[in-house]
Amino acid sequence: MLAELALYLATPVPRAIWRHGLLRESVGLWSRGFRHRKAWAGHVRRCKDVVEQSLAGLTRHRTVVVLGSGLLRDVPMNLLVERFDKVMLVDAVHLWPVRLRWWAEPKVCFVTCDLTGLLDQLGGPENVSRAAPLASLQADGTIDLVISANLLSQLPLPVERALDAGQLSDAGLARAVVDAHLSDLSGFSARICLLTDESYSEVDAAGVVIDRFDLLHGARLPGGGECWDWPVSPMGEEDAAAAFIHHVRGYSDWRPALSSKSGA
């Protein structure tokens, strides 16, 4: 608890990011990841494997962008630094242990960015207009690989909280944020590696699925890629009688899968 408090107090973030709880979420994920590192090890390895596969056949290795870089548990950072001339870590929060680990590496740069494109407006007037958070990166012709690292399902969370608090009435905005990020990815000419959980199941002690929840608010990803389960919350973590298992999909090269869906 003291370590979490120290981390929370020692990490400066823009006001909108703090106001919508993203710093608190990041610190909580840091703490949970340590508690459940054995249970999460398989998920972490699968994520890194998909990222490594995304490098196959890549002819140029100028800049790689990691969207939702967070704690960097799910990307093979040493490999990225070895292979690329520049590694851009893009997220709303960069906790100081991550900054401290990589601050002396000249190839690595940190970019603080609201990847939802609308945190400044949530809680204000209803006519929310999304900014284009990745426009400058999309215009960068040196980017050869973009990794969306378990970010997609997290983007609607501030919208969900605003809806629950009665600060927002447009229930379709959560789905719109998901669609907007997928559209943002399509705006890059680089190869896209997409890692995301699509849904989660609530499972009782006998292994029976009690309920299942859609994390992408109705958005459907194309077939292909790799799928696996991530035991995010073991029995007793959030519920004394249930565990929560997230269902993850990873694409080492998302664009061909998307083209296949469009042509189906």
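All residue numbers in this chain count up from 1 along the given sequence. Note: hydrogens, waters and symmetry copies are ignored here, and every other heavy atom, side chains too, is used.
- For Arg161, the salt bridge (Lys or Arg N to Asp or Glu O under 4.0 Å) partners at least two apart in sequence or on another chain are Glu25.
- Asp114 contributes a side-chain N or O that, together with a main-chain N or O of Leu119, makes up a donor-acceptor pair within less than 3.5 Å.
- Nearest approach of Pro234 to Ala243, heavy atoms of both residues: C-CB, 4.0 Å.
- Leu55 and Val51 end up in the same hydrophobic cluster when Ile, Leu, Val, Met, Phe, Trp and Tyr side chains are linked at under 4.5 Å.
- Using a 4.5 Å cut-off between side-chain heavy atoms of Ile, Leu, Val, Met, Phe, Trp and Tyr, with links allowed through other members, Phe110 and Leu95 fall into the same hydrophobic cluster.
- Leu145 and Ala190 get closest at one heavy-atom pair: N-CB, 3.8 Å.
- Across Cys47 and Leu195, no two heavy atoms sit closer than the pair CB-CD1, 3.9 Å.
- Checking side-chain atoms of Ser201 against main-chain N and O of Val203 turns up no donor-acceptor pair under 3.5 Å.
- The closest side-chain heavy-atom distance from Ser148 to Thr196 is not below 4.5 Å.
- Side-chain heavy atoms closer than 4.5 Å link hydrophobic residues (I, L, V, M, F, W, Y) into clusters, and following such links, possibly through other members, connects Leu163 to Val177.
- Counting only residues at least two apart or on different chains, no ring-ring contact (aromatic ring centres under 6.0 Å, His included) pair has a member in residues 135-184.
- Side chains of His246 and Asn150 form no contact here, defined as non-hydrogen atoms less than 4.5 Å apart.
- With salt bridges taken as basic N to acidic carboxylate O contacts below 4.0 Å, one links Glu52 and Arg45.
- Of all heavy-atom pairs between Lys48 and Arg73, the closest is CE-O, 3.2 Å.
- Although no hydrogens or angles enter the test, the distance criterion places no donor-acceptor pair under 3.5 Å between the side chain of Trp228 and the main chain of Arg249.
- No continuous path of ILVMFWY side-chain contacts below 4.5 Å connects Val44 to Leu151, so the two sit in separate hydrophobic clusters.
- Trp40 places no side-chain N or O within donor-acceptor distance of the main-chain N or O of Trp230, the cut-off being under 3.5 Å.
- Checked by atom type and distance alone, the side chain of Gln138 pairs as donor or acceptor with a backbone atom of Asp184 at under 3.5 Å.
- Both Val111 and Val98 are members of a single hydrophobic cluster when ILVMFWY side chains are connected at heavy-atom separations under 4.5 Å.
- His247 and Ile245 make their closest contact through NE2-O, 3.6 Å (heavy atoms, listed as atom of the first residue, atom of the second, distance).
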